[in-house]
Protein chains: 2
Amino acid sequence: MLTERQRMILNAIVDDYIRSAEPVGSRSISKRGDVKYSPATIRNEMADLEELGFLEQPHTSAGRIPSHKGYRYYVDHLVPWNPAGSTETETIRAFFAEKLNAMEQLIQHAAMILSNMTNYTSILLGPEVFHTSLRHFQLLPLDDRTAVAIIVTSTGQVENRKVSIPPEISVSEMEKVVNLLNSKLVNVPLYKLKSRLYSELGQEMQRHISHYEELMQMLDMALESDSEQRVYLSGATNMLTQPEFRDVDKVKDILDLLEETPTLLKMLAPAAGGTGIQVRIGTENKHEAFAACSLITATYSIDGEAVGSIGILGPTRMEYAKVLGILGVLSRDLTAMLGHWYK
Amino acid sequence: MLTERQRMILNAIVDDYIRSAEPVGSRSISKRGDVKYSPATIRNEMADLEELGFLEQPHTSAGRIPSHKGYRYYVDHLVPWNPAGSTETETIRAFFAEKLNAMEQLIQHAAMILSNMTNYTSILLGPEVFHTSLRHFQLLPLDDRTAVAIIVTSTGQVENRKVSIPPEISVSEMEKVVNLLNSKLVNVPLYKLKSRLYSELGQEMQRHISHYEELMQMLDMALESDSEQRVYLSGATNMLTQPEFRDVDKVKDILDLLEETPTLLKMLAPAAGGTGIQVRIGTENKHEAFAACSLITATYSIDGEAVGSIGILGPTRMEYAKVLGILGVLSRDLTAMLGHWYK
DNA sequence: GTTAGCACTCGACCTAGATGAGTGCTAACC
DNA sequence: GGTTAGCACTCATCTAGGTCGAGTGCTAAC
């Protein structure tokens, strides 16, 4: 579709624009050294590239900037695919060498490392508990009316919630039920817990236990969908350092969206479906506040199954090569780490 | 120190400036209605107030703005102390009527309500676990090399961390130790756990248990200081709506600091020492990035003891009356709620 | 003690001209 | 035919000068 020379020129323009954030003129391309044509020739090609929709011109007498289509072509065909520089790889390796003794810490820390390395905003989705199963269930009374329900998953995550104990239920009855649950529901996937509770244990419990109704209500509450996936955000303020977001009004909308957990979830969740690294440029993100942003996402897995995702948000004028490299290494290493952790 | 008229005029200037964010002239004060003097008279008083250090003039031919000292006087002597409007009180009441079944959710939600009501940034310090005691301890094996240590506190908070099991230790031994811990260490304050572990249980365990060293090392890790207080932030982007922070460079430093948990901790922690509501204006905050900000803090308690604090960060030109009212009601209600919750 | 009047100050805003980076087009060159 | 030098043209940015008006400080009158 594009001639070799056009690709070279497009590549040069995107490269320059990523560095300078300013419209690129034909003369500066000519001076770069890798495109050995005069400015006039380059101008002609640039006019063609603009007609084809790969470039845009802010105004008549300015240089060109890449259009969304231009970035897309750059990402798909031109971006130098180097699997992260050695210093970066080293930083990531060093990070994973640290001993972090809780999943939460690990993910949070990873988000920080990412935003520091890239100078963009990093968004991490904690591991989806959807496919994990129950390891242990416990009800711990705090006083005679409330208790803490503790759920430990097969991956070692611990969730807890407070429940109120129906006054009719005795301590011994509760213990009986908890034991029953542990013997029957261990290794059942979390999302099936509640249906199993009714189908398998319902009858048995109804026989042995008084106040079946109240008890079930309490257990229902205790096992309430814990699938609220955690979102970790880091380096949101890096947005402010980008020249395209010097204007407070523009950046406000973006930062507002970043404060909303459900929005972030929606943005990163679809990525988990696909595999590998995905790039969404400008309006390919649904929210119009992100029209001037690009989002690069990758997934990580436990046991061969994608359970969470990593995202880097920056301006469309993003250092794609660098970010792609870093994200590749990090998602691979995170997968390896977790696989090793939870055999 | 100030005449009644001077106080009236100072009050009017601060009031106006809080609303408009623009230097206040003598004419607009005169037109307000509550100060029945001509602009000329007011000008004379303003000159005096400036000499006394309560007002400042951005440049010769502009109106006056309050100095830090002016704000301080306003907050200490002039601010209309109304305990939150009825609509606001209602909103807060409605919030507490909601059923939230985990401490974490409650606090996080409270932070959101606060920032929404005030349009400033709210910072909440989760309850300090320092003075809470151990309710229950558990070690749950995940595989033959790792286990999850679960600590439940007297306030129903659940902490967990992953520990590695020394290969020499058998399951039965571990159970024995956990039972011992639960019988001996329950109701011991968390911060004393580790010392008690050594002092009270050391000898006994050394007698009964083989591989004492390795075991102790594991327990040490499991009981590792969990006192990392959680910080909840909400509405950080509200800073961007303030006209004094239209400039990205100014607001960047502030938002950067807000991303650092330790900084927030340091800022709010001292407040927990004092009692009641405190106002820190401008440079009274230690960080110079906050020189143009005011921080209003309040504490909340469990069982008569201050365990956490609430902060509202805004420009020095803050709606002190409104925020003070809201914060007063919220901290009182939060205290009541928690007291009720954890009898 | 209070107020009207007035000269003065100074930032905000507008306009006009200079500057220069960059373009599109044409004609000459290889 | 592809490439390039030359040139007129465009247009955002910058600067300087000028107007405007809000607000002051001072003086004199009430």
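If you're wondering where the values come from, they're calculated on a predicted model, not measured in any experiment. Proteins come first, then strands; the chains are lettered A, B, ... in the order of their sequence lines, and each starts at number 1. What's counted below: heavy atoms across the whole structure, side chains too, no hydrogens, waters or symmetry copies.
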- Task: Could you tell me the separation between the CD1 atom of B/Ile42 and the P atom of D/dG25, rounded to a whole number of Å?
- Result: 13 Å
- Between D/dA22 atom P and B/Met46 atom CE, what is the distance in whole Å? 16 Å
- Query: Starting at CG of A/Asn44 and ending at P of D/dT3, how long is that distance when rounded to a whole Å?
  - Reply: 9 Å
- Task: Calculate the interatomic distance between B/Glu22 atom CD and C/dA12 atom P; express it in whole Å.
- Result: 10 Å
- Message: Looking at C/dC10, which nucleotide sits across from it as a Watson-Crick or G-U wobble partner, both distances under 3.5 angstrom, or is there none?
- Response: D/dG21
- Item | Test item: side-chain donor near acceptor, A/Tyr73 and A/Arg7, under 3.5 Å | yes
- Query: Hey, is the side chain of B/Ser26 poking within less than 4.0 Å of OP1 or OP2 on D/dT24, counting only N and O atoms?
  - Reply: yes
- Task: Identify which nucleotide among D/dG25, D/dT4, C/dT2 has an atom closest to any side-chain atom of A/Tyr37, counting heavy atoms from C-beta outward.
- Result: D/dT4
- Note on the structure: Here the pair of heavy atoms bringing B/Ala289 nearest to B/Leu257 is CB-CD1, 3.7 Å
- Picking from C/dG11, C/dG24, C/dT3, which would you name as closest to the side chain of B/His59? C/dG11
- Message: So that I can tick it off, tell me whether B/Asp15 and B/Arg19 are bridged by a salt bridge, with the cut-off set at under 4.0 angstrom between side-chain N and carboxylate O.
- Response: no
- Query: Under the 3.5 Å rule, do the base of D/dT10 and the side chain of A/Ser61 count as making a donor-acceptor pair?
  - Reply: yes
- What is the distance from NZ of A/Lys31 to P of D/dT4, rounded to the nearest Å? 17 Å
- Within this structure, what is the OH-to-P distance between A/Tyr17 and C/dG22, rounded to whole angstrom? 14 Å
- Under 4.0 Å: is that the gap between some side-chain N or O of A/Arg64 and OP1 or OP2 of C/dG24? yes
- Task: Would you kindly give the CD-to-C1' distance between A/Glu50 and C/dT23, to the nearest whole Å?
- Result: 10 Å
- Given that both distances must come in under 3.5 Å, which nucleotide forms a Watson-Crick or G-U wobble pair with D/dG2? C/dC29
- Message: Are the side chains of B/Val14 and B/Leu78 in contact, using a 4.5 Å heavy-atom criterion?
- Response: no
- Round to the nearest Å and state the distance from B/Ile65 atom CD1 to D/dG23 atom P. 14 Å
- Message: When you measure only distances, ignoring hydrogens and angles, does the side chain of A/Arg43 come within 3.5 Å of the base of C/dG24 through a donor and an acceptor?
- Response: yes
- Candidates A/Thr41, A/Ile42, A/Ile13 - the one meeting side-chain contact (heavy atoms from CB on, under 4.5 Å) with A/Val35: A/Ile42
- Measure from the side chain of B/Gln57, starting at C-beta and using heavy atoms only, and say which of D/dT24, D/dT4, C/dG24 lies closest. D/dT24
- Message: Heavy atoms only, 4.0 Å cut-off, all strands: where does A/Thr41 land among base, sugar-phosphate and nothing?
- Response: base
- Task: Kindly say if A/Arg5 contacts the phosphate of D/dT3, meaning a side-chain N or O under 4.0 Å from OP1 or OP2.
- Result: yes
- Query: If we call it a pair only when both distances are under 3.5 Å in a Watson-Crick or G-U wobble match, what pairs with D/dA28?
  - Reply: C/dT3
- Message: What's the separation between atom OG1 in A/Thr299 and atom CG in A/Leu125, rounded to the nearest 0.5 Å?
- Response: 11.0 Å
- Any side-chain N or O of A/Ser38 less than 4.0 Å from the OP1 or OP2 oxygen of D/dT3? no
